[in-house]
Amino acid sequence: MTSKIVVVTSGKGGVGKTTTSASFATGLAMRGHKTCVIDFDVGLRNLDLIMGVERRVVYDLINVINDEIKLTQALIKDKQLDKLYILAASQTRDKDALKQDGVERVLNELKEMEFEFIICDSPAGIETGALMAMHYADEALVVTNPEVSSVRDSDRILGMLSSKTKRAIDGGEPVKEHLLITRYNPNRVEGGQMLSLDDIHEILRTPLIGVIPESEIVLQASNQGLPVIHMQGSDVSEAYKDVVARFLGEDKPMRFTEAVKASWFKRVFGAK
Amino acid sequence: MTDMTREGVGRKSASRTGTFELKSRRFSVLGLVLHSADMTELAADWAERAGVGGFEHEPVVIDLSAVPRAPAAAAEGQADLALDGPAPVDLRAIVELLRASQLQPVAVTGATPEELLLAQALGLADAADEPVPAAAPAEAVREVVREIVVEKIIEKPVPPTPTLVVDKPLRSGQRVYAKGGDLVVLALVNHGAEVIADGSVHVYAPLRGKAIAGARGDTAARIYAHSLEAELLAIAGIYRTTENPLPADVAGKPAQVLLDGEKLLMQPLAF
């Protein structure tokens, strides 16, 4: 059995990396694939909050890297999905604790445990933490918001994926790159306040795996400690399910990318 | 000609028994030609035009032959007269300046005897390429240099100019430098990426980053782009940023950039 290591990265902070990591890993597990999601944001810790497991974190990634405990002791099993595991980050350490050989050993042990997908939630920036998260990746989800600085940072990260990762250094097959646009608001694109899908594609030229619409439900879900893909019936949940399906090789048309005209009722009486 | 080559081969095989060989080599090195001995003026100019660095610890020869000197000292060039001449160039400061920009000063040329003593104290060789009356030890070094030039002409009349080809996108933060030749890029060059060549730069895709041709002063170098959107264009040190937008007939279109005297010309390419 082969395992795939997927890094979720962006360069810029606050674009939705952790939200995406949580929902993407959950989506893969919902489809029956044994999946582990690792928080590489050592020192900050967000993934366990979004996954709703923060009270169950006893040991973390750094404990495993430092050989203080066994990997199985640090893996937290999701309450709803028995194929989903979470490896939390340490809040009391910094990124220098991420040693390359330690990271490699953890990933190899996860492969031996027959995880099909290992999702690495990268911290923002282009320093040690981000480099460690992407180093052993087979594929990458590059999360981008439809605005110039986020697109520019994604361009920088795409450059690093093609030059600084193990695959790039060994000269093998390059890391497979997928572009994921989050917080997309078609109405604001029409108004010229946001970059359009075409604008972003023209700059980055990376294959698009999905578009996640801007929605308040993302905040609601993270406050409840629930990956937003669990918010049944919401457009964000549907969009993430499409991303998972496309990642698994299915052909799905893009949704939620066209502007919706508010009805006359809403226009007269105000939205909501 | 033939005799010299054969002799060279013979010498090579005879010396193979030892642990090393002492052979003459010829390298192309950068030359820093100084037009002024005023350090303050020089440092300011350096910071403005070259201070960003980007050199890869390349060797450089400090050429003092163009520094303005008092006529008496230049004509006679004797050690005792040099004291009456102009203040010598502050080599120590220049060496520090170059090292700070990732350059490796290795030798001086056109130095006065006084400057030569300072150069030797700083570990720099004398790479004089014209006879300058100087101390005896420097004489021997000069002979070696002359001999190398002769060998070079016999063995390799035309040095090859390698072309560097890049087929992957160059993204923000990436830099490619084609040393000694042309650079061909077959994929996009995005904002924040840099493409640099000692010869010409060719980009068969949108060129949005910085393009620098003739990085070592080749004024015949050009920049070609399939879609000219560059944020900086430079040929042999003459540059323009897109603070002023590119002319409409070349912006986002196939175009070439060439140097006309001190001015960058941008011309649309029609096929």
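In what follows, every chain begins at residue 1, and chains take the letters A, B, ... in the order their sequences are listed.
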Decide if atom [atom1] of [X] counts as having more than 12 heavy atoms of other residues, nucleotides or ligands within a radius under 6.0 Å.
{"X": "A:Glu250", "atom1": "CD", "value": "yes"}
{"X": "A:His33", "atom1": "NE2", "value": "yes"}
{"X": "A:Lys241", "atom1": "NZ", "value": "yes"}
{"X": "A:Arg188", "atom1": "CZ", "value": "yes"}

Here the gap from A:Leu158 atom CG to B:Lys168 atom NZ, rounded to the nearest 0.5 Å, amounts to 12.0 Å
Nearest non-hydrogen partners of B:Gln174 and A:Gly159, listed with the distance
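Shortest heavy-atom contact: NE2-O, 3.1 Å.
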Nearest non-hydrogen partners of A:Arg156 and B:Gly173, listed with the distance:
NH1-CA, 3.7 Å
Do A:Thr206 and B:Arg171 come close enough that some side-chain heavy atom pair is under 4.5 Å?
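Yes. Closest side-chain heavy atoms under 4.5 Å.
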4.5 Å side-chain heavy-atom contact, B:Pro169 and A:Arg205
no
Portion of B:Leu170 that has a non-hydrogen atom of chain A nearer than 4.5 angstrom:
neither
Can you say whether A:Ile157 sits under 4.5 Å from chain B via the side chain, the backbone, both, or neither, judging by heavy atoms?
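Neither; nothing under 4.5 Å.
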Without swapping roles, check the side chain of B:Asn190 against the backbone of A:Leu204 for a donor-acceptor pair under 3.5 Å.
no
